Amino acid sequence: MLYLRSLGLTEDETDTLLKILDRLQGKTAACWQYSESERVTAVLFDPQVEGSANLRQLTADGAIPIRIAREDADSGIPTGSGLCLDAPIRVMNLRDVLDAVSVQHSVFKKYYFAAALRDLLHPGAGALRYRISCGGSPSLTLAPKDRTYSWPHGIELLDQFLTQPVTVERAADEPAAIDVRPLDELLWFVGSRSGHGEALPWVELNEPYQLLRWPSMAALRGVPGWPRLAALWFARPCTLRDMLIISGFPRGEVIDFLNACLMCQHARAVQSAAVNQPAQAGKPNPDPRFSKIRTRLGIADGASLGHESERV
Amino acid sequence: MNPKEYKIILTGSMDAGKTTAIGAISEIAPIKTDVATTDGLSNQKQTTTVALDYGEITLEGGDRLRLYGTPGQKRFAFMWEVLSRGALGLVILVDNCAADPLRDLADYLDTFKDLIEQSGVVIGVSRTEIAAHPNIDEYYEFLRGRNQSYPLFAVDVRRKEDVVMLLQVLFTSIEAKGADPVSSSAAGYV
């Protein structure tokens, strides 16, 4: 949920803003709500309050400023170094500005691509297709409702999307491209590689999580220990701390796995009451019978993942 | 010390690929016992496995892993209980092109209930590239509706790496289950 506040608008303009925000529910890339809080995602302000202490405080706390443009009548898109919105406020202009804000908000969060995907996959996001580009690279087309994406190269070439700001545009509802791929493949790639061993900003590490379903086989092949992590988190809800105790795996590997599972919506937070105390669950030692078979079939056992594991 | 023998059961609907899966990892050519189909399914498949498919893998110290593919036809169900005695675990293969793959899955889960409880199970759904529905989410939803949760994947049993991963998941699931003396099946989602 992203939050919008106004500063210096007339009563009529504020009323209009609230009505339009209501009409835009489900039609913007991210879900927006009006708030008078001191910490908001964006602040829509009248030029008269520019430089005021209130505005300075809000922007210092991370709010993205959107200036009401009372004279320049043909703009509703980012101009210069900031964003502006034509007065009187119109539905589609506000939608475009809010979508631009949600992308900028993602950029500010450092995890450019992961954050943008998370916003675009929000149930309230309205468009059928988005075009995402990064620097001079070809663009990727995302079709959230079809759960597909298309990208003309191998997924490894999306690496630059993980480290640079991305630009998101609504795409025309074109026929599906030939090279359409399952969205989970993209989400797993982005989720497992964006955090570099740290939790993505929206992942609360103290929550107990449980896997609702297993990641795909292709995803599990990424790191030798991931099948074991999946088995443990599928069998019981537990927090990161508990999982580190139970699995004995390095923190970074476990967090990357959790980031990816949450990105794909394979895992969810569960109520604390459903969580076993870690002391009740012993560390699972590989069964010697299975170890023999694993050795013969060339399967990494994953139990002693340690720092020797490498992505393949 | 005498060499030990281990057993894994592969079962599932006709055309799900049990024979192919065994062939993908067995070190001997699978022994097949296919004969003409006689129970009204001949429009689907000319021959089917009436008794067993068999493959094997030699392990360290001369131990042996035996792979048994069980009959896909319900009239041979009497064999399944005998076969599953002492097995390490169960692999269920579901043909997504079948008339009612969810019903097929339910039948196998019910039939092998004891083996699943005693050891473990992994489910592979084959031919999803031909029939997209039910999709994997719908299978998981179906299992949740039965108050069950088992590892389940889209697989291509012609690929050795997929069959090997099914076994890896089966083993890790059984080991994880053994690590958890308190059932966690009743998690409440928030």
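Please read these numbers as outputs of a predicted model, since none were measured by experiment. Order of the sequence lines fixes the chain letters, A, B, ..., with proteins taken first and strands second; residue numbering starts at 1 for each chain.
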What option among [options] has the most heavy-atom pairs under 4.5 Å with chain A?
| options | result |
| --- | --- |
| Val155(B), Thr58(B), Leu167(B), Leu152(B) | Thr58(B) |
| Asp162(B), Asp137(B), Ile8(B) | Asp162(B) |
| Leu170(B), Leu59(B), Ile25(B) | Leu59(B) |

So which atom in [X] and which in [Y] form the shortest heavy-atom distance, rounded to 0.1 Å?
| X | Y | result |
| --- | --- | --- |
| Ser35(A) | Tyr3(A) | CB-CD2, 3.9 Å |
| Trp214(A) | Tyr140(B) | N-OH, 3.0 Å |
| Leu200(A) | Asn259(A) | N-OD1, 3.2 Å |

Proximity breakdown for [X] and chain A, heavy-atom pairs closer than 4.5 Å:
| X | value |
| --- | --- |
| Glu27(B) | side chain |
| Leu166(B) | both |
| Arg64(B) | neither |
| Phe171(B) | both |
| Tyr150(B) | backbone |

>> Using a 4.5 angstrom heavy-atom cutoff, name the option from Ala218(A), Pro227(A), Ser216(A), Pro215(A) with the most pairs to chain B.
In response: Pro227(A)
>> I want to check something: taking the side chain as every heavy atom from C-beta on, are Phe153(B) and Pro151(B) in contact at a cut-off of under 4.5 Å?
In response: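 Yes, their side chains come closer than 4.5 Å.
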>> For Arg129(A), is there any backbone N or O sitting under 3.5 Å from a side-chain donor or acceptor partner on Lys145(A)?
In response: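 Here the side-chain-to-backbone pair does not exist.
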>> Parallel, tilted or perpendicular: which one describes the rings of Phe257(A) and Trp188(A), with boundaries at 30° and 60°?
In response: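 If you compare the ring of Phe257(A) with that of Trp188(A), the planes turn out perpendicular.
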> Do the ring planes of Tyr108(B) and Phe112(B) sit parallel (below 30°), tilted (30 to 60°) or perpendicular (above 60°)?
Replying inline: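 Answer is parallel, since the angle falls under 30°.
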